[in-house]
Structures are given as C-alpha cells and as structure tokens.
Amino acid sequence: MSGYPLPDGRQITGVLTTTFGRQLKGGTWAEHPKAKYECLLCRTVEGPVVGATAVTAFTQTIRITHPHNCHQGRTTQQGAHAA
C-alpha cells in the first residue's frame, strides 16, 4: 500500500494519533494521555502508549524509530505526516 497522495506530489505515509487525557485539579488523571502511530506503507500500528511521560517520548521519536521497523523499508522523514 502506498501513502495518501497530496496535490504537490508528496504523500502522507503515517498517522500519529494523540489523546491528551484529562487531569483533575488534584493532579491525578481521570483519563490518561495516549498515542499511537499507524504506518500507511506497511500497515502496522506502533503503540498505543499510555501516560504523559510515555506519550511525550513516543511522539518525539516515532518519526525516527519507525523507518527502522517498517516492513516496507521505504519510509523516510520526507513527505507529509498527519499529526
């Protein structure tokens, strides 16, 4: 499967989905933050990860780490990525 084509020739090759969660006034979480990455090239899903620290680390590194795990072996940091 290829990425989703854009008019300028680039492709969306992955979808990063985040849920920010809901923190109560006392600092406890009513709903924890979550994140997952879906590759449109190899059709794999990485995550979900749960928790503020895990989501922060995941969202900062997934564009670097996924190309090494991608079954297509063709993903790059070039092109558009939905956020």
Side-chain angles (χ1 to χ4, degrees):
M1 178 178 195
S2 64
Y4 181 81
L6 297 173
D8 64 0
R10 296 180 301 156
Q11 292 188 6
I12 295 174
T13 59
V15 179
L16 176 63
T17 305
T18 57
T19 304
F20 295 110
R22 188 170 56 95
Q23 197 169 24
L24 302 174
K25 289 183 181 179
T28 59
W29 290 95
E31 296 174 38
H32 290 278
K34 299 176 195 166
K36 70 177 178 177
Y37 178 80
E38 299 174 70
C39 180
L40 300 176
L41 298 176
C42 68
R43 295 181 151 197
T44 61
V45 175
E46 294 201 35
V49 295
V50 179
T53 303
V55 168
T56 300
F58 184 79
T59 57
Q60 290 176 348
T61 60
I62 191 62
R63 288 186 67 196
I64 297 167
T65 59
H66 180 73
H68 299 289
N69 301 328
C70 186
H71 303 300
Q72 289 279 327
R74 299 182 320 186
T75 59
T76 66
Q77 290 186 13
Q78 299 172 353
H81 288 262

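Keep in mind the model is a prediction, meaning the values are calculated, not measured. Starting from 1, each residue takes its place in the sequence as its number. Scope of the values below: all heavy atoms of this structure, side chains included, with no hydrogens, waters or symmetry mates.
Here the shortest heavy-atom pairing between H32 and G51 reads CB-N, 4.4 Å. Pairing each heavy atom of E38 with each of V45, the nearest pair is CG-CG2, 3.8 Å. The two residues W29 and F20 have their closest heavy-atom pair at CZ3-O, 3.8 Å. Minimum interatomic distance between L24 and A30 (heavy atoms only, all atoms of both residues): CD2-CB, 3.8 Å. Shown here for Y37 and T13, the closest heavy-atom pair between the two residues is OH-O, 4.1 Å.
Each salt bridge (charged side-chain N to carboxylate O under 4.0 Å, His left out) pair with one or both residues in residues 44-61, not counting sequence neighbours, would appear here, but there are none. Evaluation of the salt bridge (charged side-chain N to carboxylate O under 4.0 Å, His left out) test over residues 24-35, restricted to residues two or more places apart or in two chains, returns R22-E31.
Residues satisfying the side-chain contact (heavy atoms from CB on, under 4.5 Å) criterion with T65, sequence neighbours excluded, are T61, I62. Partners of A54 by side-chain contact (heavy atoms from CB on, under 4.5 Å), not counting sequence neighbours, listed by chain and number: V49.
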### Query
Is there a side-chain contact (heavy atoms from CB on, under 4.5 Å) between L16 and F58 once you walk through the steps?
CA-CA 10 Å; L16 176 63; F58 184 79; 3.9 Å; yes
